[in-house]
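Before any comments, here is the structure.
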Amino acid sequence: MSTEALLREMRQRLRDGGLHGCFLVRDLHTGQELGIEPDTQLPAASLVKIPLALATLERIRRGELDGATMLTVEPGRITSPGPTGLSRFRHPVRIAIDDLLYLSTCVSDGTAADALFALTPPAQVAGIMREFGLQGISVRHTTRELTETPVERFEAAEAHLAYALAIEAGTSGRGHRVPQLDVTRANSGSARSYVELLQALWTPSAIPPEVAGRVRGLMADNLLRQRISPDFSSDASIWSSKTGTLLNLRHEVGVVEHSDGQTFAVAVLTESLVPAGTQPDADAVMAHVARTLRDHLRQL
């Protein structure tokens with residue numbers, strides 16, 4: 001099948017699955033890539049925790065922070081479905097910065113992430129990204145705002161109304177009545193900008209090798225593997241990734257390293273057009289399209 005025909009088929013597959021998707025797959029050795037709307041900006045949701053980890057680890061390398069420093073973190077006490085880790089704790093805890101990095105990146109714990117943002121605010125994270133020559137990812141706010149969406153204001157039986165608002169209240173310019181979904185106000189990025197970040201972490205770049213290695217290790221230990229991970233994990237490959245979920249947004253970015261030496265960066269950012277929170281079929285479609293693009297690129 002030609003590349004053009006394949007892309008047409010994958011776009012139709014996304015439409016049939018009720019998804020608007022932005023994809024980019026890049027061979028990190030050759031630079032060849034294949035994508036669908038890779039430059040469209042979308043709210044990043046928890047993908048922002050990768051730049052946060054990068055900035056925190058760079059400040060540790062510089063001696064501005066010590067990973068062993070113990071902090072007292074107040075519990076999140078969040079009871080709505082979704083949040084993990086300290087976000088669901090009921091009592092304060094004492095925890096080291098290094099362990100907050102693990103919880104924020106590998107468990108996608110928003111309370112842990114915000115404890116790190118208290119040390120390195122969003123503007124400073126964005127500044128460190130610019131120092132490394134990484135453009136296109138906007139870091140504007142903490143993750144606490146991701147738990148203050150319309151879905152928390154409805155009873156469980158009416159949650160579909162929040163998802164309907166997320167789907168229908170956007171503008172043609174990617175503004176939105178829900179602030180967390182407005183790309184001019186939210187943490188945001190494109191499939192391409194996240195692939196550029198992955199390339200900088202997996203190949204020689206301005207990022208110090210010890211910092212890049214730590215971020216790669218955290219992503220390899222990601223515990224949330226229900227999305228596209230099943231299509232990239234095997235005994236003959238290593239899949240390192242980070243997911244992002246917010247209202248109708250479903251994202252995952254990562255790198256698959258094959259035993260034959262081939263290495264691909266994969267970025268998948270999607271918006272669901274179905275007003276429901278649990279959508280395993282959407283995850284399956286995302287994974288199928290991402291793997292199909294990778295398989296096609298691998299054969300070129």
| message | Measuring only between side-chain heavy atoms, which start at C-beta, is Phe117 closer than 4.5 Å to Val139? | response | yes

| field | Arg225/Glu252 salt bridge by N-O under 4.0 Å criterion | value | no

| Heavy-atom closest pair, residues Gln226 and Leu224 | OE1-C, 3.5 Å

| How close do Leu42 and Thr270 get, heavy atom to heavy atom, and via which atoms? | CD1-N, 4.2 Å

| said: When you measure from the side chain of Arg26 to the backbone of Glu196, do you find a donor-acceptor pair of N or O atoms at a distance under 3.5 Å? | reply: no

| request: Enter the distance from Asp109:CG to Ser87:OG here, rounded to the nearest 0.5 Å. | output: 4.0 Å

| Between Phe264 and His258, how do the two ring planes meet: parallel, tilted or perpendicular, split at 30° and 60°? | perpendicular

| message | Would a single hydrophobic cluster contain both Leu57 and Leu201, if residues Ile, Leu, Val, Met, Phe, Trp and Tyr are joined by side-chain heavy-atom contacts under 4.5 Å? | response | yes

| request: Compare every heavy atom of Pro92 with every heavy atom of Glu74, then report the nearest pair and how far apart it is. | output: OE1-CG, 3.7 Å

| Going by heavy atoms in the side chains, are Asn248 and Leu273 under 4.5 Å from each other? | no

| query | Would Leu47 and Ile137 count as a side-chain contact (heavy atoms from CB on, under 4.5 Å) if you check the C-alpha gap in whole Å, the side-chain angles of each, and the deciding distance to 0.1 Å? | reply | CA-CA 10 Å; Leu47 296 185; Ile137 295 175; over 6 Å; no

| Side chain to side chain, Thr263 and Thr203, heavy atoms closer than 4.5 Å | no

| query | Once you round to the nearest 0.5 Å, how far does OG of Ser108 lie from CG of Leu223? | reply | 10.5 Å

| query | For the side chain to side chain contact (heavy atoms under 4.5 Å, CB included) test, which of Met286, His20, His251 pairs with Leu269? | reply | His251

| N/O donor-acceptor pair under 3.5 Å between Gln41 side chain and Val183 backbone | no

| task | Working to the nearest 0.5 Å, report the span between CG of Leu19 and CD of Glu271. | result | 9.5 Å

| said: Any heavy-atom pair between the side chains of Leu28 and Leu198 that's under 4.5 Å? | reply: no

| message | Check this for me, if you would: do Arg192 and Glu33 make a salt bridge, where the nitrogen-to-carboxylate-oxygen distance has to be below 4.0 angstrom? | response | yes

| Test log, rule side-chain contact (heavy atoms from CB on, under 4.5 Å), inputs Ile36 and Val289 | CA-CA 10 Å; Ile36 297 172; Val289 173; 4.3 Å; yes

| said: Is it the case that the side chain of His288 and the backbone of Arg13 share a donor-acceptor pair, with hydrogens and angles ignored and the cut-off at 3.5 Å? | reply: no

| task | Tell me, with the steps shown, if Asp16 and Gln12 meet side chain to side chain donor-acceptor pair (under 3.5 Å). | result | CA-CA 6 Å; Asp16 292 344; Gln12 185 61 52; 2.8 Å; yes

| So, the side chain of His141 versus the backbone of Asn187: is there a donor-acceptor pair under 3.5 Å, distance only? | yes

| query | When you measure from the side chain of Arg216 to the backbone N and O of Trp202, does any donor-acceptor pair fall under 3.5 Å? | reply | no

| message | So Val125 and Ile128, do their side chains get closer than 4.5 Å, heavy atoms only? | response | no

| task | Report, as yes or no, whether the 6.0 Å neighbourhood of atom CZ on Arg90 holds more than 12 heavy atoms from other residues, nucleotides or ligands. | result | no

| task | Measure the OG1-CG distance between Thr142 and Asp114 for me, rounded to the nearest 0.5 Å. | result | 4.0 Å

| Distance-only, no hydrogens or angles: does the Ser272 side chain make a donor-acceptor pair with backbone N or O of Arg250 under 3.5 Å? | no

| Audit row: Ile97, Leu116, side-chain contact (heavy atoms from CB on, under 4.5 Å) steps and yes/no | CA-CA 7 Å; Ile97 291 174; Leu116 295 175; 4.0 Å; yes

| query | Do Arg214 and Glu210 sit within salt-bridge range, that is, some charged N less than 4.0 Å from a carboxylate O? | reply | no

| task | Examine the side chains of Asp295 and Gln299 and answer whether a donor and an acceptor come within less than 3.5 Å of each other. | result | no

| request: Verify, without hydrogens or angle tests, whether Ser104 (side chain) and Leu100 (backbone) share a donor-acceptor contact under 3.5 angstrom. | output: no

| query | Heavy-atom distance under 4.5 Å between the side chains of Leu65 and Thr120, does that happen here? | reply | yes

| task | Would you give the length of the straight line joining atom CG of Leu86 to atom NE2 of His91, rounded to the nearest 0.5 angstrom? | result | 13.0 Å

| message | Between Ser205 (side chain only) and Ala200 (backbone N and O only), is there a donor and an acceptor less than 3.5 Å apart? | response | yes

| query | Do you see a donor-acceptor pair shorter than 3.5 Å between the side chains of Thr143 and Lys49? | reply | no

| query | Are the side chain of Arg140 and the backbone N or O of Ala186 linked by a donor-acceptor pair below 3.5 Å? | reply | yes

| message | Quick check: closest heavy atoms across Leu218 and Ala53, and the distance to 0.1 Å? | response | CD1-CB, 4.4 Å

| request: Give the minimum heavy-atom separation between Gly67 and Ala96, together with the two atoms involved. | output: O-CB, 3.6 Å

| task | Would you please test Leu119 and Thr56 for side-chain contact (heavy atoms from CB on, under 4.5 Å) and show each step? | result | CA-CA 8 Å; Leu119 300 171; Thr56 303; 5.8 Å; no

| So, the side chain of Ser233 versus the backbone of Trp239: is there a donor-acceptor pair under 3.5 Å, distance only? | no

| remark: Nearest heavy-atom contact between Ala290 and Phe23 is N-CE2, 3.8 Å

| field | Pairwise distance CZ(Arg298) to CG(Leu34) - rounded to 0.5 angstrom | value | 15.0 Å

